Amino acid sequence: MAFENITVETRGNVGLITLNRPQAMNALCAALIKELGQALDTFEADDSVGAVVLTGSEKAFAAGADIKEMASRGYMDVYLSNFITNGWEQITKCRKPIVAAVAGFALGGGCEVAMMCDFILAGDNAKFGQPEITIGTIPGAGGTQRLTRAIGKSKAMEMCLTGRMMDAAEAERAGLVSRVIPAAELVDEAVKVAGKIAALSRPIVMLCKESVNAAFETTLTQGITFERRLFHSTFSTEDQKEGMAAFVEKRKPAFKNR
Ligand code: HXC
């Protein structure tokens with residue numbers, strides 16, 4: 001498939017999507033979001049792909065929604081077109097794990113897209129921020145909600161109210177990112193991590209992702225009950241038998257994704 005705003009490739013069993021609008025710091029225009037959705041759909045349907053890495057350039061993961069595209073829109077334009085919900089939220093619907101590999105700026109919608117992924121690996125030059133307030137609007141793709149859940153009220157409130165950026169070290173301390181990696185090694189490391197996940201049992205990985213995500217939507221008791229049901233269900237799979245047998249027999253498991 002030919003894309004204008006992203007590049008798409010596979011590395012082994014990992015799908016790699018690279019945001020590619022260097023002239024605009026990978027600003028997330030509507031065409032880019034559409035292509036991103038198409039690429040994710042393609043990887044979701046591809047049995048040879050077990051996990052996806054989403055990255056940008058070393059300079060910018062993405063500097064936000066495209067301000068030039070948004071600037072003249074009126075309320076009815078954004079309301080009737082369901083701006084953001086359409087397209088963007090598709091990232092959260094993907095059942096295969098998505099690792100965000102973030103180097104450089106991840107601002108506004110860029111930070112929000114990274115937070116829609118399952119976890120974030122940050123390059124040591126990464127900068128996260130929700131600067132919408134400085135251009136007369138507020139985060140609109142989940143920033144006030146996902147950032148607050150990720151790093152707590154005080155830091156999220158400060159970032160959203162002032163537009164202050166957080167560097168990679170602070171983002172790791174705050175729990176926004178899982179690890180910081182030298183920017184030059186970031187994509188290779190992300191592909192390696194995603195490859196590890198992709199080599200595991202596909203259905204078990206999907207159940208695990210679903211269970212962790214339930215933590216954001218449920219009470220603790222409901223979440224634990226949900227987890228328990230999914231945990232029990234893994235015992236109906238061939239891959240649970242294979243995984244545990246391989247441990248007992250001191251060999252590597254050969255998962256069949258069944
Ligand atoms: C459109 C953008 C852009 C954006 C950068 N560019 N960010 N175009 N939308 N979000 C363009 C610039 O206009 C410029 O184009 C080129 O990219 C290079 O940017 P510079 O500003 O010249 O680079 P630099 O001085 O290095 O500064 C980098 C930067 C700055 C700190 C990232 O560009 C910046 O502050 N960008 C805006 C960040 C922002 O406010 N994001 C939130 C957007 S609102 P030209 O043609 O002049 O060379 C948002 C809403 C989310 O995301 C709600 C739902 C999605």
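For ligands, and for the atoms within them, numbers begin at 1 and follow the listed sequence. Being a predicted model, the structure only gives us computed values, none of them experimental.
- Considering both main-chain and side-chain atoms, Glu112 never comes within under 3.5 Å of ligand 1 through any nitrogen or oxygen pair.
- Protein non-hydrogen atoms do not reach within 4.0 Å of atom 30 (C) of ligand 1.
- Residue contacts with ligand 1, taken as heavy atom pairs separated by less than 4.0 Å, do not involve Glu69 at all.
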Side-chain donor/acceptor pairs under 3.5 Å, residues 141-156, sequence neighbours excluded:
residue	atom	partner	partner atom	Å
Thr148	OG1	Thr144	O	2.4
Lys155	NZ	Glu170	OE2	2.5

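- Closest heavy-atom contact between Met166 and Ala171: SD-CA, 3.7 Å.
- Ion pairing of Arg21 with Glu4 is absent here, as no side-chain N (NZ or NE/NH1/NH2) approaches a carboxylate O to less than 4.0 Å.
- In summary, the atoms of ligand 1 found under 4.0 Å from a heavy atom of Ala65, numbered by their order in the structure, are 4 (C), 9 (N), 10 (N), 43 (C), 49 (C), 50 (C), 52 (O), 55 (C).
- Leu54 and Ile197 end up in different hydrophobic clusters when Ile, Leu, Val, Met, Phe, Trp and Tyr side chains are linked at under 4.5 Å.
- Annotation for Ala199 and Phe255: closest pair O-CD1, 3.8 Å, computed over non-hydrogen atoms.
- Using a 4.5 Å heavy-atom cutoff, the side chains of Ser178 and Ile120 are not in contact.
- The closest protein non-hydrogen atom to atom 55 (C) of ligand 1 is Ile84 CD1, 3.0 Å.
- Nearest heavy atoms, Ser57 versus Asn26: N-ND2, 3.6 Å.
- Under a 4.0 Å N-O distance rule, the pair Asp118/Lys209 qualifies as a salt bridge.
- Close approach to Leu107 involves these atoms of ligand 1, each under 4.0 Å from a residue heavy atom: 32 (C), 38 (C).
- Looking only at distances, a side-chain donor or acceptor of Gln222 sits under 3.5 Å from a matching main-chain atom of Thr219.
- Contacts of Thr134 with ligand 1, taken as heavy-atom pairs under 4.0 Å, are absent altogether.
- Ligand 1 has a nitrogen or oxygen under 3.5 angstrom from a nitrogen or oxygen of Ala63.
- The nearest heavy-atom contact from the protein to atom 11 (C) of ligand 1 is Ala24 CA, 3.9 Å.
- Within the 4.0 Å heavy-atom cutoff, Gln23 counts among the residues contacting ligand 1.
- We find that Glu44 and Lys96 are not joined by a salt bridge, their nearest charged nitrogen and carboxylate oxygen being 4.0 Å or further apart.
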Under 3.5 Å, side-chain donor or acceptor atoms of residues 72-80 against the rest of the protein: list the pairs with distances, not counting sequence neighbours.
residue	atom	partner	partner atom	Å
Asp77	OD2	Gly74	N	2.7

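- Close contacts between ligand 1 and Trp88 involve ligand atoms 55 (C) [criterion: under 4.0 Å to a heavy atom].
- Taking every non-hydrogen atom of Pro131 and a distance limit under 4.0 Å, the qualifying atoms of ligand 1 come out as 39 (C), 40 (O), 41 (N), 42 (C).
- Checking only distances, Ile67 does come within under 3.5 Å of ligand 1, N or O to N or O.
- Those atoms of ligand 1 that come under 4.0 Å of a heavy atom in Glu132, given as number and element, are 44 (S), 49 (C), 50 (C), 51 (C), 52 (O).
- At a distance under 4.0 Å, no protein heavy atom can be found next to atom 21 (O) of ligand 1.
- Taking 4.5 Å as the limit, every side-chain heavy atom of Met159 sits out of range of all side-chain heavy atoms of Met165.
- For the pair Thr10 and Ser48, the minimum side-chain heavy-atom distance is 4.5 Å or more.
- Per-residue contacts place Ala141 under 4.0 angstrom from the following atoms of ligand 1 (heavy atoms of the residue considered): 54 (C), 55 (C).
- Atom 44 (S) of ligand 1 is flagged as protein-proximal [any protein heavy atom, distance under 4.0 Å].
- Protein heavy atoms are absent from the space less than 4.0 angstrom from atom 48 (O) of ligand 1.
- Distance screen at 4.0 Å: atom 9 (N) of ligand 1 has a protein heavy-atom neighbour inside the cut-off.
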Kindly indicate, with the supporting measurements, whether the criterion side-chain hydrogen bond (donor to acceptor under 3.5 Å, both in side chains) is fulfilled by Gln90 and Asp41. CA-CA 9 Å; Gln90 199 179 341; Asp41 279 351; 3.0 Å; yes
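- The residue among Ala27, Gly136, Pro22 with a heavy atom at the shortest distance from atom 3 (C) of ligand 1 is Ala27.
- Atoms of ligand 1 lying under 4.0 Å from at least one heavy atom of Gly140, given by number and element, are 53 (C), 54 (C).
- The closest protein non-hydrogen atom to atom 12 (C) of ligand 1 is Lys68 NZ, 4.0 Å.
- Residue Phe43 is grouped with residue Ile98 when hydrophobic side chains (ILVMFWY) are merged at heavy-atom distances under 4.5 angstrom, including chains of intermediate members.
- Listed by number with element, the atoms of ligand 1 under 4.0 angstrom from any heavy atom of Met70 are 44 (S).
- Annotation: atom 19 (O) of ligand 1 to nearest protein heavy atom, Met25 CG, 3.9 Å.
- Salt-bridge annotation for Glu9 and Arg11: present, with a side-chain N of the basic residue lying under 4.0 Å from a carboxylate O of the acidic one.
- Of the protein's heavy atoms, none falls inside 4.0 Å of atom 25 (O) of ligand 1.
- There is no protein heavy atom closer than 4.0 angstrom to atom 33 (O) of ligand 1.
- Under a 4.0 Å heavy-atom criterion, Phe83 is not in contact with ligand 1.
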